[in-house]
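Only heavy atoms go into these numbers, but all of them, side chains included; no hydrogens, no water, no symmetry mates.
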Amino acid sequence: MPSSSGDAMTNPNWTTFPMDLVERIGGLLISDDASDFVRLRAVCHPWRSSTVETKSRADFFYPRNWIMLSNPKSSPSDVCFFNTSTHKSFSFDLTPYLDTYSLFRALDYLFLLKHKITQDFALLNPFMKSITPLPSKIESNRANAPKRLEDMFEQIIHLEGVFVTSSFTIVLQFGQEDFLRTKLGDQSWMYGGFNVWIDGNVLFCKDRLLFVTSDDRGLVQINLANEIPIKPQVEIVISSNELPYGPSMEERCYLVDCDGEIILVTFNRRHHQWESFETYKLDLNEKTYVRLPNLGNRSIFIGHDRTFSVSCDNLSSVPANFIYLCELRRYETACYNLKTNRVKCLFGEPFLNSFPLLEKLIKCCARPCWKLALEDDE
């Protein structure tokens, strides 16, 4: 007996949905929210088949706007991720992987694992539930350079960032000047630095590393899209004498990705107080900037070597138009209200107990790399 239109609406046959439309929807989802793309592929086999090419995009390997809110060492069976734009959350069970691997580091949306037998390193993407082996060998022309990835971790423990370009080049940043690059599937790393001293944070955006130097070069970018072994070049975007900022022991500047727009935040530390906050919107193509009097519906979080912004639409626990300094330079946590131009110290503030999400965001920004194998971050 033919099904009625009511039955068709209640139990639709998703396999008959146009596959070209599924692929287009998948392309839109993966650019904004990898977790929604995973849910789309789970609907049925034809939908998974029609999004195979989309799944190979680097957006899936490098999902945007996701941060890890909880220390996976404390709750490996329920690691919480949060999307700073959509406010969606994602829970991941890490325990099935811990029989074979030990958890070495956790950064943003990725886990750095170490095989218990071979001692080789690998990256685990919780959205894909896939493990990407990392090369052990390091190639370099530098004297006394580390020869293996394990040596790199022993000599320079502080891993600050993992970046994946659209051409699937994986970049590891150690400290401020040491970088490793490898192409997905290659058997070795290329080791090198860029002979710059970074004043602030390193921001990865559209296959480029952006940062402000403490010398006269100012705001620079490094294009990571070049094929290995071509060494990326440091390009000056805005020279230091044209920036609204003078590098000094008191003055600080940080770069923040605000929903695709690059914001430069400057402020001072004088007489044990934060002051003179300014925000600017950068145009990297025109190599210019304009002053930004407010952040609209977003707030900014700044840590020692990590920044992010959060959309505050329908998010009452995180007020808009604030800049949060999260244990910056080992000082107390503070917030700056762009509407009132006032700074408030949050150290020991009892109101944070009423806003657990805000407290987690501050802690997450202050500790961008959960350290697991060598020391606790409890």
Side-chain angles (χ1 to χ4, degrees), residues 29 32-36 38-39 63-93 106-109 126-127 201 203 254-261 263 265 267 274 277 279 292-328 331-370 377-378:
L29 288 177
D32 183 61
D33 189 341
S35 64
D36 280 346
V38 171
R39 295 186 184 100
R64 297 178 63 243
N65 303 322
W66 285 94
I67 57 175
M68 194 181 304
L69 281 185
S70 58
N71 189 336
K73 184 176 181 180
S74 302
S75 54
S77 63
D78 186 24
V79 184
C80 179
F81 295 85
F82 176 75
N83 191 296
T84 57
S85 288
T86 65
H87 308 154
K88 293 178 180 177
S89 60
F90 173 74
S91 180
F92 180 72
D93 185 2
L107 306 95
D108 287 342
Y109 60 93
F127 298 93
N201 65 303
L203 184 67
Y254 286 84
L255 297 167
V256 189
D257 184 348
C258 279
D259 199 25
E261 294 183 341
I263 307 299
V265 181
F267 48 90
W274 299 109
F277 284 79
T279 52
L292 197 65
N294 65 78
L295 301 174
N297 68 331
R298 304 188 76 87
S299 281
I300 284 174
F301 293 76
I302 297 176
H304 173 61
D305 45 25
R306 193 260 195 93
T307 64
F308 57 79
S309 69
V310 175
S311 170
C312 301
D313 281 343
N314 302 315
L315 197 65
S316 59
S317 59
V318 182
N321 231 5
F322 276 78
I323 298 174
Y324 293 91
L325 306 182
C326 309
E327 301 179 18
L328 193 61
Y331 293 114
E332 71 281 354
T333 294
C335 67
Y336 171 70
N337 188 329
L338 276 77
K339 292 182 180 179
T340 63
N341 296 321
R342 297 184 63 180
V343 179
K344 183 177 183 179
C345 175
L346 299 183
F347 179 75
E349 282 291 328
F351 82 90
L352 282 178
N353 297 330
S354 302
F355 299 102
L357 175 58
L358 179 58
E359 186 176 15
K360 287 181 179 180
L361 289 170
I362 290 173
K363 184 176 181 180
C364 176
C365 188
R367 297 167 175 81
C369 173
W370 295 112
D377 247 335
E378 303 291 346

Under 6.0 Å between the ring centres of Phe267 and Trp274?
yes
Looking only at atom types and distance, does a side-chain atom of [X] sit under 3.5 Å from a main-chain N or O of [Y], one as donor and one as acceptor?
X	Y	result
Ser299	Pro319	yes
Thr333	Leu346	no
Thr279	Val265	no
Ser91	Asp78	no

How many angstroms lie between [atom1] in [X] and [atom2] in [Y], if you round to the nearest 0.5 Å?
X	Y	atom1	atom2	value
Cys335	Ile302	SG	CD1	12.5 Å
Phe308	Leu361	CZ	CG	5.0 Å
Leu357	Ile362	CG	CD1	10.0 Å
Phe127	Phe81	CZ	CZ	6.0 Å
Asn71	Cys80	CG	SG	12.5 Å

Heavy-atom count around Asn341 CG within 6.0 Å, excluding the residue itself: above 12?
yes
Side-chain heavy-atom pair Ser311, Asn297 within 4.5 angstrom cut-off:
yes
Would you say Ser85 and Arg298 make side-chain contact, with heavy atoms under 4.5 Å?
yes
If we check side chain to side chain contact (heavy atoms under 4.5 Å, CB included) with Phe301, which of these qualifies: Val318, Thr84, Val256, Thr307?
Val318
Closest approach of Ser309 to Asp259 (non-hydrogen atoms, all atoms of both residues)
OG-N, 4.1 Å
Which atom pair, heavy atoms only, marks the closest approach of Arg306 to Ile67?
NH2-CG2, 3.5 Å
Only counting residues at least two apart or in another chain, list the ones meeting side-chain contact (heavy atoms from CB on, under 4.5 Å) with Lys339.
Asn321, Asn337
Test of understanding: with ring-ring contact (aromatic ring centres under 6.0 Å, His included), list the residues that count as partners of Phe322, not counting sequence neighbours.
Tyr324
Under the ring-ring contact (aromatic ring centres under 6.0 Å, His included) rule, collect the residues that match up with Phe92, sequence neighbours excluded.
Tyr97, Phe111
Apply side-chain contact (heavy atoms from CB on, under 4.5 Å) to the pair Tyr336 and Arg342, showing each step before the final yes or no.
CA-CA 6 Å; Tyr336 171 70; Arg342 297 184 63 180; 6.0 Å; no
